[in-house]
Amino acid sequence: MLLNLEHLGMAVHDLAAATALYTKLLGRAPYKTEHVASEAVDTVFFQVGGSKIELLAGTSPDSAITKYLEKKPEGIHHLAFEVDDIVAEMARLREQGFVVLNEAPKDGADDKLVCFVHPKSAGGVLVELCQSKAK
Ligand code: CO
């Protein structure tokens, strides 16, 4: 089932500038920076209570974030919900008519298995499901 709002993903052009901005805004340093090769993105994570802010910058012209920022301004890119069984949630959402973009969960940032739900089927918002990998 869907648990908490795990993070908000923010698409940014300049990761260093955005990191400095969010460090000032939140009054704390990020807890993690990570390159995700499969998505061609650099990420920076801030903990905010039980949730997180994920900054995302594309590292290649093919990156989904680079393409997104060619059409849209910087800002909220996706909502990510933590789930306890990502395969079961993907099946449940498909049954409910949502367009799940991945056939199977894939490796995401921050030690998670992830999948995405198309914004066209989700009220205009890209939705990520994520499940912590067993440690
Ligand atoms: Co995310």
Side-chain angles (χ1 to χ4, degrees):
M1 64 194 236
L2 236 82
L3 305 172
N4 58 316
L5 179 62
E6 215 276 339
H7 63 268
L8 282 177
M10 320 295 278
V12 307
H13 288 288
D14 181 335
L15 196 59
T19 299
L21 176 76
Y22 277 87
T23 297
K24 272 197 281 189
L25 176 70
L26 301 172
R28 73 201 62 171
Y31 71 89
K32 180 183 241 188
T33 64
E34 184 181 351
H35 176 65
V36 184
S38 61
E39 302 285 326
V41 292
D42 281 330
T43 64
V44 173
F45 283 89
F46 293 86
Q47 188 78 44
V48 187
S51 194
K52 297 162 187 166
I53 301 283
E54 173 186 34
L55 306 181
L56 296 141
T59 57
S60 105
D62 298 331
S63 164
I65 297 298
T66 306
K67 289 180 180 163
Y68 176 88
L69 288 174
E70 283 166 5
K71 294 177 286 188
K72 304 232 167 96
E74 287 189 311
I76 296 177
H77 176 261
H78 64 269
L79 295 183
F81 295 102
E82 184 177 21
V83 297
D84 54 1
D85 182 342
I86 193 166
V87 173
E89 279 304 303
M90 289 166 76
R92 183 183 72 83
L93 293 180
R94 280 199 180 101
E95 240 168 64
Q96 295 292 320
F98 291 93
V99 178
V100 178
L101 291 169
N102 311 98
E103 278 307 305
K106 58 180 184 174
D107 286 332
D110 208 25
D111 302 314
K112 304 275 198 260
L113 288 172
V114 303
C115 78
F116 289 90
V117 178
H118 200 293
K120 275 184 194 158
S121 67
V125 178
L126 179 64
V127 172
E128 174 186 343
L129 303 182
C130 60
Q131 178 180 353
S132 289
K133 287 185 198 167
K135 298 255 160 79

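Index from 1, following the sequence. The shown structure was predicted, so the numbers you read here are calculated from the model rather than taken from an experiment. All ligand and atom numbering here is 1-based and tracks the order in the structure.
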Subject >> Of the N, O or S atoms in E54, the one nearest the Co ion (ligand 1) >> reply: OE1
Subject >> Considering only N, O or S atoms of E128, the one closest to the Co ion (ligand 1) >> reply: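 Going by distance to the Co ion (ligand 1), the closest N, O or S atom in E128 is OE1.
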**OP:** Determine, for E89 against R92, whether the closest basic-nitrogen to carboxylate-oxygen distance falls under 4.0 angstrom.
**Re:** yes
Subject >> Metal proximity, H78 vs the Co ion (ligand 1), N/O/S cut-off 2.8 Å >> reply: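 Under 2.8 Å: H78 contacts the Co ion (ligand 1) through an N, O or S atom.
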Subject >> Metal site the Co ion (ligand 1): N/O/S of C130 inside 2.8 Å >> reply: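 So C130 does not count as coordinating the Co ion (ligand 1).
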Original post:
Can you find a side-chain donor-acceptor pair between E54 and H77 that sits under 3.5 Å?
Top reply: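 No pair is found: no donor N or O on one side chain lies under 3.5 Å from an acceptor on the other.
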Subject >> Derivation of the salt bridge (charged side-chain N to carboxylate O under 4.0 Å, His left out) call for E6 and K112 >> reply: CA-CA 11 Å; E6 215 276 339; K112 304 275 198 260; 3.3 Å; yes
Original post:
Passes salt bridge (charged side-chain N to carboxylate O under 4.0 Å, His left out), K32 versus D111? Steps please.
Top reply: CA-CA 11 Å; K32 180 183 241 188; D111 302 314; 3.6 Å; yes
